[in-house]
Novice: 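Sending over a structure as structure tokens; questions will come in a sec.
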Number of protein chains: 2
Amino acid sequence: MVETVADPEAELSVRERIVAAARRQFAERGFAGTSLQAVADAVGIRKPSLLYHFRSKDILRRAVLDDVLAHWKSELPRLLAQSRSGKDRFAGGVGALVSFFQADPSRARLIVREMLDQPELVKQLLTEHVRPWTGLVVDYIRMGQSMGQVRDDVDAESYVVQIATMVIGTVATGEVSRSMISGDREDGVAAQISELVRLARAGLFNVRPPPGA
Amino acid sequence: MVETVADPEAELSVRERIVAAARRQFAERGFAGTSLQAVADAVGIRKPSLLYHFRSKDILRRAVLDDVLAHWKSELPRLLAQSRSGKDRFAGGVGALVSFFQADPSRARLIVREMLDQPELVKQLLTEHVRPWTGLVVDYIRMGQSMGQVRDDVDAESYVVQIATMVIGTVATGEVSRSMISGDREDGVAAQISELVRLARAGLFNVRPPPGA
DNA sequence: GGGCCTCCCTACCACTTGGTAGGCAATCGT
DNA sequence: ACGATTGCCTACCAAGTGGTAGGGAGGCCC
């Protein structure tokens with residue numbers, strides 16, 4: 001029995017559907033707070049069938065984490081391409097990073113949870129998959145510094161990490177922190193993100209051409 | 001009912017020791033990932049004794065969260081006093097906020113976890129306890145804007161939330177994000193924090209007197 | 001003293017958890 | 001045609017969970 005062909009989810013393999021369901025639940029209730037029973041229910045199979053595809057809960061956890069990082073990694077080139085030159089593209093790049101996580105907030109929440117639950121593993125995985133790319137950004141910023149376009153008091157590496165922390169944190173805890181903004185105004189998300197981009201920009205570029213030149 | 005107000009440097013009450021142990025464990029392993037058995041062991045009592053002081057695990061959770069927020073709230077005036085005027089004090093204020101959470105990172109980690117686990121409750125508690133104080137900061141920033149000292153493209157509310165997100169996120173996930181900074185250089189923490197302060201500052205103040213006037 | 005309250009204990013319980021054993025139908029390679 | 005493999009199932013289990021029952025030692029007030 002197969003579901004409707006029009007539904008994009010219908011074409012996913014059972015493995016993929018398990019990973020997707022697990023990601024959502026791990027993100028929402030945490031790893032320890034999620035039972036295999038609940039994941040199996042969400043997929044529409046029985047628990048032992050789930051354990052046939054993933055031999056233990058820990059293996060499933062790892063698969064979910066790998067999946068999120070793989071998606072992130074595969075999106076990075078596209079995101080970076082948008083920030084390759086100038087201030088306008090830079091704003092677009094940060095915005096695109098935000099949209100990547102915002103498109104499925106469970107990605108951000110999962111990463112935050114795993115950073116808390118297994119810092120050593122996440123540290124290793126990020127170093128392996130994401131760091132090479134951030135290295136490109138760091139080089140780009142340093143180039144901008146040598147050309148006088150970028151503030152020279154910027155610590156490029158710390159800057160990148162800080163912006164990433166802000167982006168992921170903003171998406172993951174967005175609902176809560178947004179409630180601190182003026183009651184519950186409609187444009188909370190937009191305001192928060194535009195302030196994020198503004199902060200990132202103000203912290204990076206010289207406001208106007210250096211006075212000496 | 002608190003009986004320890006006049007106690008000079010006496011040992012903590014059992015209740016307080018339970019809350020402290022629970023905070024550490026909830027922060028480290030999460031609420032669902034922590035058993036009452038483990039908390040009781042850390043305190044050095046049996047599980048039913050723990051349940052004598054807190055009638056359910058959920059009540060303990062709430063007590064832990066209240067405790068953290070109460071400490072935060074009570075520290076806020078002192079932290080704000082340091083940022084009342086000018087750029088130097090501002091840096092001190094943000095730095096002080098960082099130190100507050102860094103003094104016991106389990107506070108930051110617990111708040112992040114609870115923002116993920118029970119966003120509605122945390123939203124309500126933050127609005128009740130913390131928001132009045134951030135309101136003061138917002139007013140202060142707006143005053144600075146009317147005096148031309150602060151950039152006028154700053155959305156004061158979003159700015160404050162964004163900085164707080166960055167501070168809490170930096171402390172909570174510090175170990176991991178720091179590993180993205182150049183191998184594992186010794187001053188990772190300091191570099192990260194100083195970049196945080198620099199970002200906050202660059203995003204707030206006019207770099208030099210406004211050009212038009 | 002005697003009753004009472006505080007605080008901690010041992011013993012126990014119903015329930016859920018991750019995981020295993022083994023069977024059954026469809027599909028595949030040859 | 002037919003054994004092996006795949007993918008799912010029912011039935012089960014040992015361990016651990018949050019929580020309860022009830023008892024006992026010590027201090028406090030009359």
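Reminder, nothing fancy here: chain letters follow the sequence lines and each chain counts from 1.
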Novice: Figure out the CG/P separation between B:Leu50 and D:dG19, and round it to whole Å.
Specialist: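 Atom CG in B:Leu50 sits about 10 Å away from atom P in D:dG19.
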Novice: According to a strict under-4.0 Å criterion, is A:Ser49 in side-chain N/O contact with OP1 or OP2 of D:dG7?
Specialist: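 No, outside the criterion.
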Novice: Got a salt bridge between A:Asp155 and B:Arg198, using NZ or NE/NH1/NH2 to carboxylate O under 4.0 Å?
Specialist: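 B:Arg198 and A:Asp155: not salt-bridged.
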Novice: Which heavy-atom pair separates A:Ile45 from A:Leu50 by the least distance, and what is that distance?
Specialist: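 Scanning both residues completely, I find the closest heavy atoms to be CD1-N, 3.8 Å.
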Novice: Check the phosphate of C:dT17 against A:Ser35, side-chain N and O only, distance under 4.0 Å to OP1 or OP2. Yes or no?
Specialist: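 Looking at the OP1 and OP2 atoms of C:dT17, one of them is under 4.0 Å from a side-chain N or O of A:Ser35.
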Novice: For B:Gln37 and D:dG16, give me the distance from atom CD to atom C1', rounded to whole Å.
Specialist: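 For the pair B:Gln37 CD and D:dG16 C1', the rounded distance is 10 Å.
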Novice: Between B:His53 and C:dT6, is there a side-chain N or O to OP1/OP2 distance below 4.0 Å?
Specialist: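 So the side chain of B:His53 is outside the cut-off, no N or O lying under 4.0 Å from OP1 or OP2 of C:dT6.
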Novice: Record whether the side chain of A:Lys57 comes under 3.5 Å of the base of C:dG19 through a donor-acceptor pair of N or O atoms.
Specialist: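 No, the side chain and the base share no sub-3.5 Å donor-acceptor pair.
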Novice: Whole angstrom is fine here: how far is it from CG in A:Leu51 over to P in D:dC13?
Specialist: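 In whole Å, D:dC13 P lies 18 Å from A:Leu51 CG.
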Novice: Under a 3.5 Å cutoff, is there a donor and acceptor pairing between the side chains of B:Ser106 and B:Glu28?
Specialist: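 There is no such pair (donor and acceptor under 3.5 Å, judged by atom type) between the side chains of B:Ser106 and B:Glu28.
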Novice: Between atom CZ in B:Arg46 and atom P in D:dG22, what is the gap in whole Å?
Specialist: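 Answer to the nearest Å: 22 Å.
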Novice: Nearest of C:dC9, C:dG18, D:dG19 to any side-chain atom of A:Lys47?
Specialist: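 When the side chain of A:Lys47 is considered, C:dG18 is the closest of C:dC9, C:dG18, D:dG19.
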Novice: In whole angstroms, how far is the C1' atom of D:dG18 from the CZ atom of B:Phe54?
Specialist: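 Atom CZ in B:Phe54 sits about 16 Å away from atom C1' in D:dG18.
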Novice: Measure CZ/A:Arg55 against P/D:dC8 and give the value in whole Å, please.
Specialist: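 Going from CZ in A:Arg55 over to P in D:dC8 covers 17 Å.
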Novice: Within this structure, what is the CD1-to-P distance between A:Ile59 and C:dG18, rounded to whole angstrom?
Specialist: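 Those two atoms, CD1 and P, are 14 Å apart.
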Novice: Under 3.5 Å, is there a donor-acceptor pair linking the side chains of A:Ser177 and A:Gln192?
Specialist: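 A donor-acceptor contact under 3.5 Å links the two side chains.
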Novice: Atom CZ of B:Arg17 to atom P of C:dC7: distance rounded to whole Å?
Specialist: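 Taking atom P of C:dC7 as the reference, CZ of B:Arg17 is at 13 Å.
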Novice: Considering all heavy atoms of both residues, which atom of B:Met180 and which atom of A:Val161 are nearest to each other, and what is their separation?
Specialist: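 Closest approach of B:Met180 to A:Val161, heavy atoms only: CB-CG2, 3.7 Å.
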Novice: Given D:dC8, is OP1 or OP2 found less than 4.0 Å from the side-chain N or O atoms of A:Tyr52?
Specialist: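 Indeed not, no polar side-chain atom of A:Tyr52 lies that close.
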Novice: Heavy atoms only, 4.0 Å cut-off, all strands: where does B:Leu36 land among base, sugar-phosphate and nothing?
Specialist: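 If one applies the 4.0 Å heavy-atom cut-off, B:Leu36 turns out to touch the sugar-phosphate alone, with no base involved.
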